[in-house]
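Worksheet: one structure, shown below.
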Amino acid sequence: MLLELNNIFKWVTQGGNRIFLLKDINLKVEEGEFISIMGPSGSGKSTLLNVIGMLDNFQEGEYNFLGESVHAMKEKNRSKLYKVYIGFVFQAYHLIDELTVYENIETPLLYKNVKSAERKALVADMLDRFNIVGKKDLFPSQLSGGQQQLVGVARALIAKPKLLLADEPTGNLNSKQSEEIMELFKELNQEGVTIIQATHSESNAAYGSRVLHLLDGGRNHI
Ligand SMILES: Nc1ncnc2c1ncn2[C@@H]1O[C@H](COP(=O)(O)OP(=O)(O)O)[C@@H](O)[C@H]1O
Ligand SMILES: [Mg+2]
């Protein structure tokens, strides 16, 4: 088992009322799965991914990741776990505008204190694999959306995460670019990376092996 969510509730309080963003979410994910989260806008897909990705907290419930109790963990240890095991791809890429393609991809390795020679080798491999060697000195604004998302995926993968989380990764891409990203995800999954993506697209969801339907923050049990 890679991770397990048990009875997760997340809410915010507004005017004395609780507004539930996640309501009694239960989910088990085995290593090697490729899961798609679908649901209407506002149903909590991003919130759920952020909770799984340890970027957001929650009020109630248990979250176990590789046998560790995330719900009981201090922020510092949670962020360590995130750095080692999780890569995140965002719809709007979230690249750093002031850094080149090369530097953007290298960033997670700096956080992990990987030595310079190894960083160089790892980034070179990534550039090569994604066919963006020629773009390495460009800035994000000089790339197409599809190329920016390739950089986003490369950055998410550079530290060899076990779990790749992707929040509508093709939301800003045309159909050809979307297909390229999904084919890449399929390949990564075959290499053993566990993937959880939020998507509006039936054809994207079909790349996965399981679909979760979210409605108003509570998953329909399937
Ligand atoms: N910090 C917050 N405070 C209040 N409401 C929030 C907050 N974060 C998210 N929401 C609301 O929670 C719901 C779920 O949001 P989200 O997870 O972004 O949905 P999705 O990704 O499925 O579109 C939405 O109605 C959103 O407006
Ligand atoms: Mg969303």
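Read the numbers this way: they start at 1 and go in the same order the structure lists the ligands and their atoms. FYI, side chains are in, hydrogens and waters are out, and symmetry mates aren't considered; it's all heavy atoms of this structure.
Any protein N/O/S atom under 2.8 Å from the Mg ion (ligand 2) was counted, giving 1 altogether.
A side-chain donor-acceptor contact under 3.5 Å links K10 to the backbone of N57. In this structure a side-chain-to-backbone donor-acceptor pair under 3.5 Å is present from Q148 to L143. Between the side chain of T47 and the main chain of L21, no donor-acceptor pair closer than 3.5 Å is present. Between the side chain of N7 and the backbone N or O of D24, no donor-acceptor pair lies under 3.5 Å. A donor-acceptor contact shorter than 3.5 Å links the side chain of S144 to the backbone of Q147. S69 places no side-chain N or O within 3.5 Å of a backbone atom of A72 that could act as its donor or acceptor partner.
For the pair G39 and ligand 1, no heavy-atom separation below 4.0 Å is found. Residue P40 places a heavy atom less than 4.0 Å from ligand 1.
Here F34 and Y207 keep their ring centres 6.0 angstrom or further from each other.
With hydrogens left out, the protein atom closest to atom 24 (C) of ligand 1 is G42 O, 3.7 Å, a heavy atom. In this structure, atom 18 (O) of ligand 1 lies nearest to the protein heavy atom S46 CB, 3.7 Å. Nearest non-hydrogen protein atom to atom 19 (O) of ligand 1 is G44 N, 3.1 Å. From the protein, the heavy atom lying nearest to atom 2 (C) of ligand 1 is V12 CG1, 4.1 Å. Closest to atom 16 (P) of ligand 1 among all protein heavy atoms lies T47 OG1, 3.6 Å. Nearest to atom 8 (N) of ligand 1 among the protein's heavy atoms is L21 CD1, 3.8 Å.
In summary, E187 and R129 engage in a salt bridge, as defined by a charged side-chain N under 4.0 Å from a carboxylate O. The pair E75-R78 meets the salt-bridge criterion, with a side-chain N (NZ, NE, NH1 or NH2) lying under 4.0 Å from an Asp/Glu carboxylate O.
Taking distance alone, with nitrogen or oxygen atoms compared against 3.5 Å, E168 stays at or beyond that limit from ligand 1.
Within a 4.0 Å radius of atom 27 (O) of ligand 1, the protein contributes no non-hydrogen atoms. Note that atom 11 (C) of ligand 1 has protein non-hydrogen atoms nearby, at separations under 4.0 angstrom.
Atom CD of E191 has more than 12 neighbouring heavy atoms from other residues, nucleotides or ligands inside a 6.0 Å radius.
Partner of V70 under the side-chain contact (heavy atoms from CB on, under 4.5 Å) criterion, out of L5, L81, N64: L81 alone.
For the residue pair D137 / T100, no side-chain donor-acceptor distance below 3.5 Å is found, with atom types taken as modelled.
Contact atoms of ligand 1 toward Q14: 4 (C) (distance under 4.0 Å to a heavy atom of the residue).
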